[in-house]
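Notes to accompany the following structure.
Bear in mind the structure is a predicted one, so any value in this text is a computation, not a measurement. Scope of the values below: all heavy atoms of this structure, side chains included, with no hydrogens, waters or symmetry mates.
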Amino acid sequence: MKPLHAWRCLLGILLRESLRFIHQRERFIAALIRPLVWLLVFAAGFRSVLGISIIPPYETYISYEVYIVPGLIGMIQLFNGMQSSLSMVYDREMGSMRTLLVSPLPRWYLLVCKLLAGTFISILQVYAFLLIASAFGISMTPMGYVYLLPSLLACGLMLGAFAMLLSSLIKQLENFAGIMNFVIFPMFFMSSALYPLWRMRESSELLFNICSLNPFTYVVELTRFALYQRFNAEACIYTLIALTVFLGAAIYAYDPARGMMHRKTAGGA
Amino acid sequence: MSQDGLALEVAGLGFRFGKKVALDDVSFSVAKGQFKVLLGPNGAGKTTFFSLVTRLYISALGEIHVNGANLRDAPLPALAQMGIVFQQPTLDLDLNVRQNLLYHAALHGMKKSHALERIETELTRLGMLERQAEKVRQLNGGHRRRVEIARALLHQPKMLLLDEPTVGLDAPSRRDIVEHVHRMAREQNIAILWSTHLIDEIFDEDSVIVLHQGRVCADGSVAQVIAQTGAENIAAAFERIVGDMES
């Protein structure tokens, strides 16, 4: 693989995904409306119900709106990962995925490019969301937004790789809706996105243990700490391990020699 | 070992879907500048063959060489020398013609200025230059196919593979595309492998491989295949070969 070829390919995929995103205006609006409804409606309603004690990285009492911002950032990236996955299933059904897969570059590299492009789109969405949130008085320090960037990259890649793995397992586009319900909502609710885990532990030790194993919890915590210019090593390590596992499995699944692609796409003759 | 002058060599290729044999000991070659028709009824194994030769599937049985490069040992050089038009449309409907072609050029590592030159050349050749700013969604089936052919030729491959490229097109569009690709093989010395089940897409000077139930039943010039079966024309020869296999 020649570096210049690899670079041009990455730029080409980034440009294509960006153009597709720009053309799908509804997708962008939906990506912003969803977390904003949670932030401006749900959080306002729950403010009085859920008390948040002082837990790291917070050094003082915070409002519930501030608490759920990292979870909503994770939600944007999770939905975007799933959307990218959806487009891969669609591409595969419609045939345009073949254009990518028959390119003269290693399959793993093409999938990583696709992941990077999806993550780039999710980062644009997150910053647009934070901009609107700041207009409603929910803002971080300027450096918090800068520290957030590497965290978004790691989290976006991990969630994208997870979604890519799922896409390799889905036979038809119609099945994707079910997967969304069985994956996104459990992942979101069984994490520290909406409530601190110590609160979950008070209710159920089992649920607490499940939440502690959920990679999305670590996405939320890595993001939460980054917004306060702090580094959560445990969350970072866990996220990177999850990224490695999901990406490895996705590359395996899309490998024409070993994976499931030929069984999933078999048809016609 | 691959031979000089051959753009595609397939030897002993086999593939199964579970217990079902899709391809069985398929061997043939396509020379540079040759127009070879892979003729077979639906379900013969044509699309499976295209999936193997483009490395969407991999088979442990048999060898495929593209312009001398072994697809198993050196897949990237082999893929770089192929232009592919799949049976299913593979253009991005929401992007315009030029954006679709630039995307393909980027995947092949082409410099943007060179890609734009090539896009102009190929779209001009196919009579689509003035449509380059239109979204693919706005084009009819025949024009979309032309764009796909232009895209497959952008990186100047040695071998062009077309899997039933006229499926779903009206008669004038079909005729246009069939004639254009034949002309291209003659004028540009590109090897063409064209799969179809439609007899009227075969010209007298073509070579034909008849594939049925995953096996090569005949391989030679149109005249040779007709002579081999004792039929009056290629349509009758094809019917006879398929009928013999089924009886």
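At least one donor-acceptor pair under 3.5 Å links the side chain of R145(B) to the backbone N or O of P165(B). Of the possible donor and acceptor atoms, none in the side chain of R98(B) sits under 3.5 Å from a partner among the backbone N and O of E134(B). Q77(A) places no side-chain N or O within 3.5 Å of a backbone atom of G74(A) that could act as its donor or acceptor partner.
For chain B, the nearby parts of L105(A) are the backbone and the side chain; heavy atoms of each come within less than 4.5 Å. Contacts between A22(B) and chain A at a heavy-atom distance below 4.5 Å are absent for every atom of the residue. For a residue to count as touching a neighbouring chain, one of its non-hydrogen atoms must lie under 4.5 Å from one of that chain's; by this rule L102(B) does not touch chain A. There is no contact between M82(B) and chain A, counting heavy-atom distances below 4.5 Å. K111(B) touches chain A through backbone and side chain together, each having a heavy atom under 4.5 Å away. Contact of L10(A) with chain B is not made at all, since no heavy-atom distance falls under 4.5 Å.
Here L107(B) is the residue among L107(B), D163(B), L79(B), D94(B) with the most heavy-atom pairs under 4.5 Å with chain A. Ranking P77(B), G109(B), G40(B) against chain A, the residue ahead of the rest is G109(B), based on heavy-atom pairs under 4.5 Å.
The cationic group of R16(A) lies under 6.0 Å from the six-membered ring centre of Y103(B) and within 45° of the ring axis, placing it in a cation-pi geometry.
Taking OG from S195(B) and CG from L162(B), the interatomic distance works out to 8.0 Å, rounded to the nearest 0.5 Å.
Residues H104(B) and H155(B) bring their aromatic ring centres within 6.0 Å.
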